[in-house]
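Just so it is clear, the values below take in all heavy atoms, side chains as well, and ignore hydrogens, waters and symmetry mates. Computed from a predicted model, the values in this text were never measured in an experiment. Just so you know, ligand 1 is whichever comes first in the structure, and atom 1 is the first atom listed for that ligand.
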Amino acid sequence: MTLPIWLRSALLAPAIFLASSPQTLRSAADSAGVLIGTAARPYLFSEAAYTETLAREFNMIEPEDAMKWLALRPTAATFDFHDADAVVHFAQAHDMKIRGHCLVWDHNNPDWLAHGHFTSAKLSQLLQEHITTVVKHYSGQVFAWDVVNEGLDENGRLRDSRWFNQPGIGLAGKGPAYIEHAFRWARAADPHALLFYNEAEAEEVNRKSDALFAMLKDFKLHGVPIDGVGLQMHLTLPGLDIASVTANMARLASLGLQVHLTELDVSLPVDANGASSSKEDLLRQTEIYRNVVRACLKTPGCSAIQTWGFTDKYSWIGSHSHGARGAALPFDRSYQPKPAYGAILQELSVKQRQD
Ligand code: XIL
């Protein structure tokens, strides 16, 4: 049946209106039913361009450092929630989800912990107290926690650490038992928060992700309370084998776990000003962002995509690479969207049209 022209244009009007209204990552992600997040630093909330971009483009936020032991635990006996609370309040004021990061890691710990000499019994008590206090403090506010971060080494073996075996919390030699304990303590503190294991360099099918998969499969079989796995995704050129990433995400999701891309950035070689001089590199970066976002969106179970910061003005890559790399994020140093931003937006919009 052919519709009269006036009816056709009346029906098309809302679509035309929608197409011309400004899309943001956030609006596109909302429509696609996926979370788009970023890591944030509360001391930058005084910068208007920072907060405007953050609230406009993202529906999820994760404190980049403010929920780590280094920030929360000035002394063994005290907690300081000031900075972390600032992130939570910002998120609540802008109707954003809050991801917590991270309860157990061998880095970014305060000196008293990093250089202290504790017995296993004392470390166990400190860790249980930390997890319980922090998770309870944010109960009903943090919807998902990275409970354990980077527990495996590049070969997929349990990484030596103060929590595992140096001296450990009393479970050294018992495989990933210390990780299981951490998850159980977190579940007891907030039965409603989603609990994630977060890992680096386990994006493709490789030795490390094979071990990760085996460990998480075993956790599921034995009733360890785990809901998801975070793949960090700190990428460089030339990027990843995306078919391998897709296969890896699919096998993790097949365990009944949610997959979150937790720390996505794609760093480029930069000049002394931190700028990428090569147009070609920016285009390669754009395609890496596009492929990663697309891979997540087509994997049932991949429910969140999060970049590790959003503006090249503030990214951990500069100091981490001693100035050699940078320009890793979707907005440039003046908060202007880069081609990578357009690619992410396009992929989110395609997903929205398909659903
Ligand atoms: C980084 C932060 O971005 C920096 O600000 C901080 O100085 C060091 O830690 N993997 C992680 C993150 O899980 O917590 C790290 O964040 C980056 C690597």
Side-chain angles (χ1 to χ4, degrees), residues 37-45 47 50 54 58 60-74 80 82-84 86-87 98-111 113-114 130-131 134 138 142 144-154 158-159 161-164 179 182-183 186 194-203 208-209 212 228-236 240 259-267 270 274 292 304-331 333:
T38 192
R41 302 176 179 173
Y43 65 87
L44 298 172
F45 288 172
E47 193 173 318
Y50 186 88
L54 180 57
F58 300 95
M60 178 172 80
I61 195 168
E62 176 167 310
E64 183 164 343
D65 293 301
M67 284 186 184
K68 294 174 178 170
W69 279 70
L70 183 58
L72 292 179
R73 301 301 299 277
D80 177 355
H82 184 265
D83 285 355
V87 180
I98 305 149
R99 255 192 130 261
H101 172 85
C102 50
L103 300 167
V104 185
W105 194 22
D106 212 26
H107 290 280
N108 293 195
N109 288 317
D111 281 349
L113 178 62
H130 182 83
I131 292 176
V134 174
Y138 291 114
V142 165
W145 277 104
D146 284 337
V147 179
V148 178
N149 195 30
E150 299 181 359
L152 300 176
D153 70 15
E154 56 279 15
L158 287 167
R159 194 183 278 285
S161 74
R162 96 193 56 257
W163 304 119
F164 172 41
I179 299 179
F183 276 87
L194 298 175
L195 305 181
F196 279 69
Y197 175 89
N198 196 48
E199 192 52 90
E201 289 158 359
E203 286 84 17
K208 189 169 182 176
S209 67
L212 173 66
V229 54
L231 301 176
Q232 289 188 5
M233 297 261 173
H234 290 294
L235 308 180
T236 51
L240 297 168
V259 178
H260 284 182
L261 311 187
T262 50
E263 306 184 12
L264 176 60
D265 53 21
V266 183
S267 60
V270 290
V292 165
I305 299 163
Q306 177 168 265
T307 57
W308 204 239
F310 51 98
T311 166
D312 289 340
K313 190 173 178 184
Y314 305 112
S315 158
W316 78 300
I317 294 290
S319 58
H320 180 66
S321 68
H322 305 290
R325 287 180 291 118
L329 292 166
F331 290 88
R333 301 172 82 85

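Of the residues listed (R99, Q232, E62, Q306), the one engaging H260 in a side-chain hydrogen bond (donor to acceptor under 3.5 Å, both in side chains) is R99, and it is the only one.
Separation of the H101 and W308 ring centroids falls under the 6.0 Å cut-off.
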| request: Applying salt bridge (Lys or Arg N to Asp or Glu O under 4.0 Å), run through R159 and D106 and close with a yes or a no. | output: CA-CA 9 Å; R159 194 183 278 285; D106 212 26; over 6 Å; no
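Two residues are said to be in side-chain contact when any heavy atoms from C-beta on lie closer than 4.5 Å; D65 and L70 fail this criterion. No side-chain heavy atom of V87 sits less than 4.5 Å from a side-chain heavy atom of I98.
Residues with a heavy atom under 4.0 Å from ligand 1: R41, E64, D65, K68, H101, W105, N108, N149, E150, Q232, H234, E263, W308, W316.
Under a 3.5 Å cut-off, the side chain of Y197 and the backbone N or O of L212 do not form any donor-acceptor pair.
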